[in-house]
Amino acid sequence: MMGVRIGLGSILGEATRGLARVAVCLLAGALPAPAQDLPTARENAAPAGLDSEHLFGFVEGSDIGVPGEVEFEFEATGRFGRGGGRFRAVDGGLVLKIPLDTSFRVAPGIGFNRFAAAGVPGLADRAAGGLSGAFVETRLRFLDRRDGPFGLTLNVVPSVGRVDTGSGLPAESYGLDTALLADWEIVPGRLVAALNLGFSLAATRLDGTGERLRGSGLELAGALAYEARPGLFVGAEARYVQAFEGLGLDRFSGQAVYLGPTVYATLSPQAWASFTWSFQVAGSAEDVARPLDLTNFDRHQTRLRFGLSF
């Protein structure tokens, strides 16, 4: 969720070391055939070509998978670097993606959270972790880029949680993330571009005090991915995010610009991995005189994903 205060914790450390081992294999040439040439379990159910959904990092492509082929995905999103003190946390999820036809997909999942803060202004020193909630992602594809100049998909993710990810405190929370995902193949199968426009909101009631928190956000993001070698895409993405108090973009809180590299690798005909590390390069917070917004957003943001289809 944009504007949510989360960071990078011990889980991400293990995940990053795992990614390093994957990178070593890539450099050693231990890759299978190109992703677009790999056979699928349902060749007749979808047009041939690459799957653009996770070619990037935080930016996503418009593809929704192949009907009849289920995908299991692990995701860990880490963020760290605040205005003061130490803040490390990670939000993650396990999700099962089920395409019902060529235009619609549902994906139920569960979330987990690891939180650790010490000496951060406005936050109590705290370390906690565990299951954090559940969500259901739905995707409706309006345009398939294989049949036209670009692809366009609506992504909607309602969620419920039992933790305030900004403070790590027990809470009752409800969220909604929506986004329009567009992509097109500039060079078919080799160079892919994507553009995302997102809106998010969250309402939280803290246990014990009963304090209610409401926030919303906007995001505009773009990315490019290039097939550097068979099965390996490298690229970059840029994101502009805004945070607001209130569910309807009521009061402006801050803004930030992120840049970062991306990498996507095919590990086998059924498995893949992707990783990105974004840096806040510009930003501002309301009533705070500093060149970056380290009140509403983090200095660094990372995302690691693994997927397996069957």
Side-chain angles (χ1 to χ4, degrees), residues 1-9 11-12 53-54 57-60 64-65 70-79 89-100 104-115 128-140 153-181 196-207 210-219 221 239 241-250 253 296-298 301-307:
M1 179 73 66
M2 292 173 288
V4 175
R5 303 173 182 176
I6 57 177
L8 182 65
I11 294 176
L12 187 62
E53 183 176 359
H54 297 311
F58 289 97
V59 177
E60 296 189 354
I64 64 173
V70 176
E71 183 177 45
F72 174 80
E73 182 181 306
F74 163 82
E75 175 183 304
T77 301
R79 312 190 184 193
V90 62
D91 271 359
L94 299 173
V95 60
L96 194 64
K97 298 183 175 182
I98 309 169
L100 300 182
F104 185 69
R105 185 184 77 191
V106 296
I110 58 173
F112 60 86
N113 170 264
R114 176 65 183 173
F115 181 96
L131 291 177
S132 59
F135 58 91
V136 177
E137 178 199 72
T138 60
R139 283 198 172 196
L140 177 62
T153 293
L154 174 65
N155 191 65
V156 180
V157 188
S159 62
V160 296
R162 60 180 191 178
V163 176
D164 173 29
T165 55
S167 65
L169 296 172
E172 178 183 345
S173 65
Y174 301 90
L176 180 67
D177 290 295
T178 62
L180 278 174
L181 316 174
N196 292 178
L197 176 61
F199 168 73
S200 62
L201 57 85
T204 300
R205 182 176 64 83
L206 298 180
D207 291 355
E211 181 182 1
R212 296 181 181 273
L213 307 172
R214 295 181 176 87
S216 51
L218 292 173
E219 177 171 337
R239 295 180 293 134
V241 291
Q242 291 184 327
F244 297 82
E245 295 180 12
L247 298 179
L249 308 175
D250 302 334
S253 296
N296 300 286
F297 302 102
D298 309 276
Q301 299 182 349
T302 66
R303 178 163 288 176
L304 173 67
R305 284 183 168 126
F306 292 100

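- Thr138 places a side-chain heavy atom less than 4.5 Å from the side chain of Val136.
- Under the 3.5 Å distance criterion, the side-chain polar atoms of Thr178 are left unmatched by any main-chain donor or acceptor of Val156.
- Leu180 has its side chain within reach of Leu154: a pair of non-hydrogen atoms, C-beta onward, lies under 4.5 Å apart.
- Salt-bridge check for Glu53 with Arg105: passed, with a basic side-chain N closer than 4.0 Å to an acidic carboxylate O.
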Stepwise side chain to side chain contact (heavy atoms under 4.5 Å, CB included) check, Thr302 with Leu304: CA-CA 7 Å; Thr302 66; Leu304 173 67; over 6 Å; no
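- Contact record, Asn296 with Ser253: ND2-O, 3.0 Å, taken as the closest heavy-atom pair.
- Here the closest heavy-atom approach between residue Ala128 and residue Gly168 is recorded as CB-O, 4.4 Å.
- Between Glu73 and Glu137 the shortest side-chain heavy-atom distance does not fall below 4.5 Å.
- Here the side chains of Leu131 and Arg162 are in contact, with some heavy-atom distance below 4.5 Å.
- For the atom pair CG (Leu249) and CG (Leu201), the distance works out to 9.0 Å, reported to the nearest 0.5 Å.
- Shown here for Phe112 and Glu75, the closest heavy-atom pair between the two residues is CZ-O, 4.1 Å.
- Residue Asp177 holds its CG atom at 8.5 Å from CG of Asn155, rounded to the nearest 0.5 Å.
- Counting all heavy atoms, side chain and backbone alike, Asp207 lies closest to Glu172 at OD1-N, 4.0 Å.
- Residues Gly57 and Arg303 come closest through the heavy atom pair O-CD, 4.0 Å.
- Proximity of Phe199 to Leu176: side-chain heavy atoms (C-beta onward) are nowhere separated by under 4.5 Å.
- Remark: Phe297 CZ to Gln242 CD distance equals 8.0 Å, nearest 0.5 Å.
- The two atoms that bring Pro99 and Gly65 nearest to each other are CG-C, 4.0 Å, heavy atoms only.
- Of the inter-residue distances, the one linking Asp91 atom CG with Thr77 atom OG1 reads 7.0 Å to the nearest 0.5 angstrom.
- With rounding to the nearest 0.5 angstrom, the CD1 atom of Ile64 is 11.5 Å from the CG atom of Leu181.
- The side-chain heavy atoms of Glu60 and Asn196, taken from C-beta on, include a pair separated by under 4.5 Å.
- In this structure, the separation between CZ on Arg239 and CZ on Phe58 is 4.5 Å, given to the nearest 0.5 Å.
- Shown here are the side chain to side chain contact (heavy atoms under 4.5 Å, CB included) partners of Thr204, two or more places apart in sequence or in another chain: Asp164, Ala171, Ser173, Leu206, Leu213.
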